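We're numbering straight along the sequence, starting at 1. These numbers were taken from a predicted model, which means no experiment stands behind them.
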Amino acid sequence: MKYSILCMFLIFLLVECVNRTKPEKVKLKNRIRAGRRNSGRAEAFENLFQLYDPTFLSVVWPRISNGVHVLIELSCWDDLTVFFKDLSAGRAWAYRAVDASGRYPSGMFSGNNIWLGSNAECLQLDHEFTSRENNETLEELSNSEYVNAILRKEKYFDDDVHNWRWMVHRDELTRRIVAADNRPPYRMAYWTVKITLNITKITMAKSYDIILGVCLPKSCPIDDVESIVNFGIMINDNLKSNSLPRLIKVGSVKEVDEFNMATDIGAIFLLSVIILLVILAISAAGVEMDLIKCKTYHTKSMSFDLEKFDDDKVTNKDKIVNNDLKYVEDVDRNKGLVITKIKSVPEDLNDKVNCMRCGKHKKQCGDLKHNKNSCNKSKYSFESMSTDDENESVFVRLYLCFSVIYCWERIFNKTIANQNLCLIHGLRILATFWIIFVHVSAMVYYMSGKTTDINEHDDVYYTLVTGTIAFDILFFVSGLFSSHHFFYMKSRYSVEELVNFGGSCGQILQFVCFVTNRIIRLLPSYLFVILFSAVTSRVSRNNAPLVLPDGDHQNCGIYWWRNVLYITNLYPDDEKCMQVSWYLSTETQLHALGALACTISVSGSIRARFVGALAMIGILASTAVDVSTAFTDFGNSFSDVFNAYSSIIERPLSRLAPYIIGVFVGWLVHVLNGKLRVTKVTGSLLWIFSLTLLLVSCMLPYVADAWLTAWVHLAWPVALMWPVLICTASYASFFRHILGSSNIAALSRLCYSMLLLHTAVARGLVLSADVPLCSHNVCIWIYFISTSVVTVLAALLLSLLVEMPCCSLLRRLSDCATS
């Protein structure tokens, strides 16, 4: 009985254990199945980002036919067949070509969507083929038993790596074998392919723009490269396990190659112009310093002034006895006073001669004892009038306009007609560097490949929205300076003195001269930079794997005449040459409008009130249209940072308000003439109002809806009115002390050249790297500082070689015409 009970207990216990163990086995099986499913999903996830897989292509390539599975040119087909065959055989050059191509590196969702590989490695393969000394191939070298044994490392060597390395370096045949194994049998080319990848899941519904680098035979044209990538995507989607669907579209394909200057006419012409300008600048400086001798000439206009200074000390002999008269060496009264060399001109005499040469500006001299530098002429202007023949004198004076010494002094000259306007130096410099920062930020952000949406109002969005204020400052300063100069000249000269005409014809001619003088003065530098930008953009497009979405490489060669006529803002953005051209066109058009308003306003008080009313209506109308347009535009999504730049910053109509307000402030500065009297209470209220409006204008993009930022174009110049007026009157001496140095004046004069050049400089620096840039603030500031330094140096060279010589040339031609 006991044994029966014990047996029953054991049987019950065994059944219970079996029942308890069975679910655990089921759970284990379920876990194994789940693991397999997860493994399949992991494999599918890797395949999801597989765009170009040359290893898998080398497996399927022997089984496909050209014209059936893929359609490419015969030469490309043959070279690809060799490439995939050598890749399967383990050839070193094929491995290097695969290594030079880009692939999925992980981190795409955090912004890593530029898969370039190595452009330098692919071009190095091409260079090894073109520069090889002989045509030996690996097949030709591996026909002997000895060579095969070396390759197998079986007969003469064991598996000792050191022995094999020693043989590679010491054995000539082995070196030739290794070199042939690493050398491609044909030329290679590097391509960048833009691919749009869309992962069709609810949580991954966003499309990603992938930039993929591929290293393929150079015999394959662009269409064949696109066909190969599409074929690779197709076999990945159909022959590999890929349970996650995806949509892929291959976009643009670009070949990266070295730029050949010898075949580019624009590059040759640009280099020729630069060499010619350098020769002119150096040779003219040599004439200026008497290193290159020129003949002397008669100067009747100067003889009168010199005679009346020290007439008693001048004899009829050939030499001057008195040592005090050091500015003349040879005198002949029968022929007139002849100057062969200026040793040291007395300061008062130099002022009188300079004012004589100032032409219409001679009234600015006033009392020479109190205003010695008002004419803005250097001592070289007087000395450079030496020649022997009157016909040669004109040529020499025009030739000396290109002297680098004379142009250097003009750039660093700190004298302006109204010293109270030194404040505009600071405003212009601030706005220029601010604009450079905006453009550099946009380029770095675009080239970084960051996938976050700019519509989410990230850092670059706020940079663009607040950066529009920088352009408002430039328009405000331009209107201020233009109107002040117009009224300044009008108050000192009659129409007849300015244009040699009177009445309505004189007024019209004065307006035309006021507008065209500025256009002609700025045009030479503009033309040079258009050519420079066209060439450098072609260089960047050929050499750089990544490109910016501008069309300077072709637009500057087709639509350059729109830049010359200052009408680029009237055409679509995709036909624009130079990013800053919209500003130059808009500013020139507003300059003509402001000059017309100033010309009409000086004709009478009634016309002045009429012009003022029209100006007020224009400000309110442009602001209303700008706000309503912004309300519509800012509701749209921006595809990239440059699309946002066009919508937020390139708004010509919105610049009417700051320019007209600047014109009004320029007139006030002229009328006040440095005398501004207000009570302390009024001054305090105006300061509070201005500073509050400035702060609100800067903070508005951060706290308000996007379309409300359009009000900044009106609020910002209004806020600048009182600070500018008080700083040109009560605090004028303080700002003359701070901003009146020659370095500040030179930097202000270079701002125009900096605006022209900074985009090309930034493009060259940003695109010089083969790897994607980071969009971190540190990267942006590093590129901004580098771009600023290079731009200032380039602007100095442009001013020395082009801008200042052309301005001097125009002025001296005008002097010759009116003398």
Test Met578 against Ile530 for side-chain contact (heavy atoms from CB on, under 4.5 Å), laying out the working first. CA-CA 7 Å; Met578 296 179 57; Ile530 290 173; 3.7 Å; yes
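- With 2.5 angstrom as the limit on SG-SG distance, Cys577 and Cys556 come in below it.
- When the shell of 6.0 Å around CZ of Phe269 is examined, it contains 12 or fewer heavy atoms from other residues, nucleotides or ligands.
- Using a 4.5 Å heavy-atom cutoff, the side chains of Pro221 and Asp224 are in contact.
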Show, in sequence, the C-alpha distance, side-chain angles and deciding distance for Asp472 and Arg655, and conclude whether the salt bridge (Lys or Arg N to Asp or Glu O under 4.0 Å) test is met. CA-CA 7 Å; Asp472 288 339; Arg655 311 300 174 177; 2.5 Å; yes
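- Within the 4.5 Å cutoff, the side chain of Met754 has heavy atoms near those of the Val792 side chain.
- In this structure, Gly266 and Arg538 approach most closely via the heavy-atom pair CA-NH2, 3.9 Å.
- Judged by distance alone, with hydrogens and angles left aside, the side-chain atoms of Thr586 form no donor-acceptor pair with the main-chain N or O of Tyr583 at under 3.5 Å.
- Checking Arg651 against Ser646 by side-chain atom types alone, no donor-acceptor pair falls below 3.5 Å.
- Checked by atom type, the side-chain pair Ser118/Tyr190 shows no donor-acceptor distance below 3.5 Å.
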In sequence, state the C-alpha distance, the side-chain angles, and the governing distance for Tyr752 and Leu584, and then conclude on side-chain contact (heavy atoms from CB on, under 4.5 Å). CA-CA 10 Å; Tyr752 172 67; Leu584 298 174; 4.0 Å; yes
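- Between atom OH of residue Tyr526 and atom OG1 of residue Thr588 there is a gap of 8.0 Å, rounded to the nearest 0.5 Å.
- Ser101 places a side-chain N or O within donor-acceptor distance of the main-chain N or O of Cys215, the cut-off being under 3.5 Å.
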Walk me through it: do Asp552 and Arg763 pass the test salt bridge (Lys or Arg N to Asp or Glu O under 4.0 Å)? CA-CA 11 Å; Asp552 287 4; Arg763 177 174 54 216; 3.3 Å; yes
Report the C-alpha separation of Tyr446 and Phe642 in whole Å, then their side-chain angles, then the decisive distance to 0.1 Å, and conclude whether the ring-ring contact (aromatic ring centres under 6.0 Å, His included) test is met. CA-CA 8 Å; Tyr446 182 86; Phe642 280 91; 5.4 Å; yes
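- Residues Cys122 and Trp191 form no side-chain contact, since every pair of their non-hydrogen atoms from C-beta on lies 4.5 Å or further apart.
- Between the Ser525 side chain and the Leu522 main chain, no donor and acceptor come within less than 3.5 Å of each other.
- Met447 has its side chain out of reach of Ile114: every pair of non-hydrogen atoms, C-beta onward, lies at least 4.5 Å apart.
- Using a distance-only test at 3.5 Å, with no hydrogens or angles considered, no donor-acceptor pair links the side chain of Lys254 to the main chain of Val547.
- Using a 30° and 60° split on the angle between ring planes, His439 and Phe471 fall in the tilted class, from 30° to 60°.
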With side-chain hydrogen bond (donor to acceptor under 3.5 Å, both in side chains) as the test, would you mind laying out the steps for Tyr566 and Ser581 before giving the verdict? CA-CA 8 Å; Tyr566 297 95; Ser581 62; over 6 Å; no
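- Side chains of Ser219 and Glu73: no donor on one and acceptor on the other come within 3.5 Å.
- Nearest heavy atoms, Leu767 versus Ala544: O-CB, 3.5 Å.
- Counting only heavy atoms from C-beta outward, the side chains of Val564 and Leu523 approach each other to under 4.5 Å.
- Rounding to the nearest 0.5 Å gives a distance of 12.0 Å between CD1 of Ile274 and CD1 of Ile279.
- Note on ring orientation: taking the six-membered ring where Trp is involved, the planes of Phe433 and Phe784 are perpendicular (angle over 60°, cut-offs 30° and 60°).
- Leu813 contributes atom CG, which lies 10.0 Å from atom CZ of Arg397 (distance to the nearest 0.5 angstrom).
- In plain terms, the two heavy atoms of Ile744 and Leu739 that are nearest each other are CG2-O, 3.6 Å.
- Using a 4.5 Å heavy-atom cutoff, the side chains of Ser478 and Leu474 are not in contact.
- Side chain of Tyr186 to main chain of Asp79: a donor-acceptor pair is present (N/O by atom type, distance under 3.5 Å, no hydrogens or angles).
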Stepwise side-chain contact (heavy atoms from CB on, under 4.5 Å) test for Ser808 and Arg410: CA-CA 9 Å; Ser808 301; Arg410 288 203 63 198; 2.8 Å; yes
List the steps, then state whether side-chain contact (heavy atoms from CB on, under 4.5 Å) holds for Phe528 with Leu270. CA-CA 8 Å; Phe528 181 87; Leu270 175 64; 3.9 Å; yes
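- At distances below 3.5 Å, not a single donor-acceptor pair connects side-chain atoms of His485 with backbone N or O atoms of Phe481.
- Defined by atom type and a distance below 3.5 Å, a donor-acceptor pair is missing between the side-chain atoms of Ser799 and Arg749.
- Here Phe486 and Phe514 bring their ring centres to under 6.0 angstrom of each other.
- Separation of atoms CG (Asn563) and CH2 (Trp582) is listed at 14.5 Å; rounding is to 0.5 Å.
- Rounding to the nearest 0.5 Å gives a distance of 10.0 Å between CG of Leu750 and CG of Leu757.
- The shortest heavy-atom contact between Thr516 and Val512 is OG1-O, 2.7 Å.
- Taking both residues in full, the closest heavy atoms of Ile649 and Val438 are given as CD1-CG1, 3.8 Å, listed atom of the first, atom of the second, then distance.
- The closest side-chain donor-acceptor pair between Gln589 and Asn569 falls under 3.5 angstrom.
- For Ala592 against Phe511, the heavy-atom pair with the smallest separation is O-CE1, 3.4 Å.
- Seen from the ring of Tyr571, Arg562 counts as a face-on cation partner, given the 6.0 Å and 45° thresholds.
- Distance alone, capped at 3.5 Å, is enough to place a donor-acceptor pair between the Thr536 side chain and the Ser533 backbone.
- A donor-acceptor pair under 3.5 Å is formed between the side chain of Ser283 and the backbone N or O of Leu280.
- The line from CG of Asn555 to OG1 of Thr568 is 11.0 Å long, rounded to the nearest 0.5 Å.
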One pair to check against salt bridge (Lys or Arg N to Asp or Glu O under 4.0 Å): Asp257 and Lys218. What are the steps and the verdict? CA-CA 10 Å; Asp257 197 3; Lys218 197 176 182 64; 3.5 Å; yes
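- Using a 3.5 Å distance cut-off with no hydrogens or angles, the side chains of Arg428 and Ser748 do pair a donor with an acceptor.
- With a 4.5 Å cut-off on side-chain heavy atoms, Ile780 and Phe437 count as touching.
- Side-chain contact between Asn119 and Thr192 is absent, with no heavy atoms from C-beta onward closer than 4.5 Å.
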